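Have a look at the structure below before the remarks.
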Amino acid sequence: MKIYSWNVNGIRAVAKKGFLDWVDEEKPDILCLQEIRIQEEQLQKKLKNIDGYYSYFNYGERKGYSGVAIYSKEEALSIEKGIGIDKFDEEGRVITAKYPNFTLVNIYFPNGRSSKERLQYKLDFHEAILNYCNELRAEGEKVIVCGDYNIAHKEIDLKNPDSNKDKSGFLPIERKWIDKIIEQGYVDTYREFYPDTEKYSWWSYRTRARERNAGWRIDYHFVSKDLMEQVQSAEILNDVMGSDHCPVLLELAD
DNA sequence: CGTAATACG
């Protein structure tokens with residue numbers, strides 16, 4: 001089965017640029033979206049009810065901000081919105097779907113660049129998420145934790161590591177958190193299959209970064225290592241619809 | 001610069 005993760009940066013924007021045709025062509029079994037930037041009353045029926053899919057949403061409280069979604073061919077056994085901590089849950093960053101063989105956690109991690117307060121919020125979010133995922137594992141769940149992490153792990157994961165060592169997204173403390181989740185038994189599936197490939201999943205719109213390939217790999221499928229025997233491939237897909245993020249793909253044995 | 005509502009990424 002194919003599990004996609006994609007920061008769409010506005011579901012209404014991609015809806016205008018062929019999102020539904022793309023879903024029809026790719027036929028994801030599960031599609032996780034981040035930054036849908038919409039609220040329930042704004043969501044068109046054609047986006048809520050895609051043929052052949054169940055859909056689940058966690059909206060941010062601020063209009064036009066954050067929000068995550070899961071589209072799924074198979075109905076989830078259960079859905080949880082947020083992680084039970086108000087200051088994080090109000091931003092609509094996490095949605096969790098249980099399936100018979102695994103639990104899928106779809107996350108839009110905070111961006112830490114706008115202020116030191118938002119950086120601290122991001123760091124606090126990291127700890128809360130690790131606790132949340134570890135609790136799922138303690139309950140016996142195999143977990144997939146996908147989404148826009150807003151962190152490049154190592155120098156290979158961004159074009160300009162030197163000039164970004166003091167920027168949120170590539171700070172030592174953020175990179176160490178990725179080290180920590182790996183130590184605790186989560187696997188960066190793309191890097192597992194491609195240990196030496198320099199490929200990115202995001203390019204800033206601001207500085208025409210795409211033309212220079214000044215990108216970052218910040219979109220991941222991590223899995224608990226007890227799932228690795230079922231992982232068949234992990235990929236970063238090509239540019240679609242001129243978005244700043246590319247979709248990333250995890251393929252599991254059925 | 002792009003998205004969606006005036007800020008945020």
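Within every chain, numbering begins at 1; the chains are lettered A, B, ... in the order of the sequence lines, protein sequences first and strands thereafter. What you see is a predicted model; the values in this text were computed from it and never measured.
Between the side chain of Asp254(A) and the backbone N or O of Met1(A), at least one donor-acceptor pair lies under 3.5 Å. Of the possible donor and acceptor atoms, none in the side chain of Glu127(A) sits under 3.5 Å from a partner among the backbone N and O of Asp124(A).
Residues in residues 71-85 of chain A take part in these side-chain hydrogen bond (donor to acceptor under 3.5 Å, both in side chains) pairs, two or more places apart or across chains: Ser72(A)-Tyr99(A), Glu80(A)-Tyr132(A).
Whole-Å rounding puts the Trp203(A) CH2 to dT3(B) C1' distance at 19 Å. When rounded to the nearest whole Å, the span between CD of Glu117(A) and C1' of dG9(B) equals 17 Å. Between Asp244(A) atom CG and dA4(B) atom C1' there is a gap of 14 Å when expressed in whole angstrom units. Protein atom CG of Asn9(A) is 11 Å distant from nucleotide atom P of dG2(B), rounded to whole Å. In this structure, the CD atom of Gln44(A) is 11 Å from the P atom of dA4(B), given to the nearest Å. With rounding to whole Å, Tyr108(A) atom OH is found 14 Å from dT3(B) atom P. Per the geometry, CZ belonging to Arg210(A) stands 16 Å off C1' belonging to dG9(B), to the nearest Å. Distance, Met241(A) CE to dC1(B) P: 23 Å, rounded to whole Å.
For Asn7(A), the side-chain contact (heavy atoms from CB on, under 4.5 Å) test picks out Asn9(A), Gln34(A), Glu35(A), Tyr108(A), Asp148(A), Asp219(A), His245(A), with sequence neighbours left out. Glu90(A) meets the side-chain contact (heavy atoms from CB on, under 4.5 Å) test with Glu61(A); sequence neighbours excluded.
DNA chain B is contacted by both Tyr205(A) and Arg113(A); Tyr205(A) maps to the nucleotide lying nearer its 5′ end (nearest heavy atom per residue).
Salt bridge absent: Glu198(A) and Lys159(A) never bring a charged side-chain N and a carboxylate O closer than 4.0 Å. Ion pair Arg217(A)/Asp188(A) flagged as a salt bridge, since at least one NZ, NE, NH1 or NH2 atom sits closer than 4.0 Å to an Asp/Glu carboxylate oxygen. With respect to the salt-bridge test (charged N to carboxylate O, under 4.0 angstrom), the residues Lys176(A) and Glu183(A) do not qualify.
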Protein-nucleotides 6-8 of chain B N/O pairs under 3.5 Å:
from   : atom 1 : to       : atom 2 : distance (Å)
dA7(B) : O3'    : Arg62(A) : NH2    : 3.4

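Taking atom P in both dC1(B) and dT6(B), one finds a spacing of 22 Å when rounded to whole Å.
With hydrogens and angles left out, the side chain of Arg206(A) and the base of dG2(B) share no donor-acceptor pair within 3.5 Å.
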With a 3.5 Å cut-off and sequence neighbours excluded, list the donor-acceptor pairs that the side chains of residues 16-27 of chain A form with protein atoms.
from     : atom 1 : to        : atom 2 : distance (Å)
Lys17(A) : NZ     : Met241(A) : O      : 3.4
Glu26(A) : OE1    : Tyr4(A)   : OH     : 2.5
Lys27(A) : NZ     : Asp24(A)  : O      : 2.7

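Looking at residues 10-20 of chain A, you'll see Gly10(A), Ile11(A), Arg12(A), Ala13(A), Lys17(A) sit with a heavy atom under 4.0 Å from some atom of DNA chain B.
Between Gln42(A) and dA5(B) there is a side-chain N or O to OP1 or OP2 distance below 4.0 Å.
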